[in-house]
Amino acid sequence: MWMKVRSKDWWERVVLLEFSDLEWKQNFRMKRQSFTRLCGLVEEFMSPDDVTIRNPIPLIMRVAIVLYKLGSCAEYRVVANQFGVDKSTVQKFVYIFCKGMVHGPIRDLIRMPDEVEASEIARSFEEVHSVPQVMGLIDGTHIPILPPSDGYKDFVNRKGWPSYVLQAVVDDKCCFRSISCKMPGSAHDANVLRMSDLFQRARLLPKSVKNIEGEEVRLQIIGDPAYPLLDWLMKGYINSPNLTPAQQSFNVYLSSVRVGVEMAFGILKSRWRVLLKRSDFHFTFAPTMIATCCALHNFCQKETDFCNSNWVEELRDSTVNYQQPSLLMYRQETATGNTAREALTRYMANHFPLRTGHLL
């Protein structure tokens, strides 16, 4: 049978024989050691079949093709030419990898902490930021997509470009503990929260209640003003001339804690650059791809395989065309949430210097 001639010279000679450690990480977004461990993690669903008509593409090359695609903004065609394979082969490997990750390894890589682990996270946050009972930080970010022609407007966010909203809870080590990426860009953060598994299973979240200023305060997830104030979800006071110095100070302390979730999103996008622009994924597959990138982020963080500093600098230049939508306030507050916030406000005012600034 006639076969189109393709060259695997770049992979077989340049990559495998000549790549330095720096070049390997630059192209595949993780160290060789981490790459090898990842191959073991996905071997069950990424290994070639035992019986094939042609020589099968080995596991290591399959994983490399996927990481190269996710770590760049390249189209399927460009990745295919780079590795000397067909465009459909690249797409097949990416789909198998991502679907395999979300049905298997992601359950171990992204999970909410238990009571003991949540208390340890809270201690870590308190040591750095002084705010007690913080077990996670929540926020959302918009990921560009190619939207469908039917229902296009549902995906257009307030900045005018189509996206999915990625909601994530982040711990003290910038690891994702809970993600949701199924809501279109037009959705408000509060609605994204309401439709997420985190909200639906909130009754199962760790509590580890402590007495603070005479009130029983459970472990909290810290959000911005776009979220409701709940018994387990804490946010600052809405900016107003009527805020007391203690309330203003509490806002500043909370804002300093929430920087961690922005850092996590920055690391995620700087490593997996496919999240930076509208890629050639079908819009129905985009949530699976986004979730896979979050799982790979956690894998690298746990391997202490941190992103290169220049990646974050490059990120600033790459986000010019896709500015994140501005914050919309959400005023829903529960009585238990208010009680906890007032107790934490008094505690911070009584034990730490009052600070001034603005709530981000």
Side-chain angles (χ1 to χ4, degrees), residues 112-139 168-178 189 193 198 202-266 327 329-360:
M112 287 301 291
D114 57 23
E115 293 279 349
V116 174
E117 195 176 7
S119 296
E120 292 175 355
I121 293 170
R123 280 193 292 272
S124 178
F125 273 125
E126 187 170 4
E127 286 177 3
V128 177
H129 300 285
S130 304
V131 183
Q133 293 294 83
V134 177
M135 68 171 175
L137 317 170
I138 188 171
D139 204 351
V169 175
V170 174
D171 66 15
D172 57 314
K173 295 181 174 61
C174 284
C175 285
F176 297 115
R177 290 297 186 156
S178 171
D189 285 353
L193 171 68
L198 175 71
R203 67 188 184 281
L204 302 176
L205 291 174
K207 295 183 173 62
S208 295
V209 175
K210 282 188 176 180
N211 188 289
I212 297 178
E213 298 295 314
E215 300 290 346
E216 298 296 303
V217 178
R218 59 173 293 171
L219 288 170
Q220 301 285 324
I221 295 174
I222 307 299
D224 61 28
Y227 292 99
L229 178 66
L230 307 174
D231 63 326
W232 55 270
L233 202 164
M234 180 62 55
K235 69 175 184 177
Y237 299 90
I238 294 176
N239 282 329
S240 162
N242 299 322
L243 291 184
T244 66
Q247 291 172 333
Q248 292 175 356
S249 179
F250 179 74
N251 278 1
V252 177
Y253 276 105
L254 229 57
S255 183
S256 70
V257 180
R258 289 197 308 101
V259 169
V261 69
E262 297 295 337
M263 288 176 55
F265 284 143
L327 188 70
M329 302 290 182
Y330 193 76
R331 296 181 180 274
Q332 179 187 345
E333 299 179 353
T334 64
T336 51
N338 253 320
T339 299
R341 184 169 64 182
E342 291 169 2
L344 288 171
T345 301
R346 292 195 302 272
Y347 173 82
M348 298 302 296
N350 292 337
H351 294 86
F352 300 98
L354 293 179
R355 295 169 62 180
T356 57
H358 297 284
L359 179 64
L360 297 178

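- Checking side-chain atoms of Glu115 against main-chain N and O of Lys207 turns up a donor-acceptor pair under 3.5 Å.
- The distance from atom CD of Glu213 to atom OG1 of Thr339, rounded to the nearest 0.5 Å, is 13.5 Å.
- Judged by distance alone, the side chain of Asp189 and the main-chain N or O of Tyr227 form no donor-acceptor pair under 3.5 Å.
- Considering CG of Leu233 and CD of Glu333, their distance stands at 12.0 Å, rounded to 0.5 Å.
- The closest side-chain heavy-atom distance from Ile212 to Leu344 is below 4.5 Å.
- Across every non-hydrogen atom of Gly260 and Val170, the tightest pair is O-CG1, 4.3 Å.
- In this structure, the side chains of Trp232 and Arg218 come closer than 4.5 Å at one or more pairs of heavy atoms.
- Looking at Arg341 and Leu229, their side chains come closer than 4.5 Å, going by heavy atoms from C-beta outward.
- Counting heavy atoms from C-beta outward, Glu215 and Glu342 have side chains that stay 4.5 Å or more apart.
- In this structure a side-chain-to-backbone donor-acceptor pair under 3.5 Å is missing from Arg355 to Val252.
- With hydrogens and angles ignored, the 3.5 Å screen pairs a side-chain donor or acceptor of Lys235 with a backbone N or O of Tyr330.
- Minimum heavy-atom separation, Arg258 to Gly223: CD-O, 3.3 Å.
- At least one side-chain heavy atom of Met135 sits less than 4.5 Å from a side-chain heavy atom of Ile221.
- Put simply, the residue from Lys210, Met348, Arg123, His351 that forms a side chain to side chain contact (heavy atoms under 4.5 Å, CB included) with Pro132 is Met348.
- Side chain of Ser249 to backbone of Thr356: no donor-acceptor contact under 3.5 angstrom is found.
- When side chains are defined from C-beta on, Met234 does not count as touching Gln133, because their heavy atoms never get closer than 4.5 Å.
- Of the listed residues (Val116, Leu219, Asp172), just one forms a side chain to side chain contact (heavy atoms under 4.5 Å, CB included) with Ile121, and that residue is Asp172.
- Exactly one of Asp139, Leu198, Ile222, Leu205 qualifies for a side chain to side chain contact (heavy atoms under 4.5 Å, CB included) with Val169. That residue is Leu198.
- When all heavy atoms of Val261 and Ile138 are compared, the pair lying nearest together is CG2-C, 4.4 Å.
- In this structure, the separation between CG on Asn251 and CD1 on Ile238 is 10.0 Å, given to the nearest 0.5 Å.
- Judged purely by atom type and a 3.5 angstrom limit, Gln220 uses its side chain to pair as donor or acceptor with the backbone of Asp231.
- For the pair Pro113/Glu120, no side-chain contact is recorded, criterion being any heavy-atom separation below 4.5 Å from C-beta on.
- The two residues Gly236 and Phe250 have their closest heavy-atom pair at CA-CE2, 4.4 Å.
- The distance from the OG1 atom of Thr244 to the OH atom of Tyr237 is 7.0 Å, given to the nearest 0.5 Å.
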>> Using the rule given for side-chain contact (heavy atoms from CB on, under 4.5 Å), can you reason through Leu137 versus Phe125, listing the C-alpha separation, both sets of side-chain angles and the distance that settles it, and then say yes or no?
In response: CA-CA 10 Å; Leu137 317 170; Phe125 273 125; 3.9 Å; yes
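- Dense packing is recorded around CE of Met329, with more than 12 heavy atoms of other residues, nucleotides or ligands lying under 6.0 Å away.
- Summarising the geometry, atom OG1 belonging to Thr336 is positioned 7.5 Å from atom CG belonging to Leu230; distances are rounded to the nearest 0.5 Å.
- Asp171 meets the salt bridge (Lys or Arg N to Asp or Glu O under 4.0 Å) test with Arg177; sequence neighbours excluded.
- Contact between Ala246 and Leu354 at its shortest, heavy atoms only, is CA-CD2, 4.0 Å.
- Of all heavy-atom pairs between Asn211 and Glu216, the closest is ND2-OE2, 3.0 Å.
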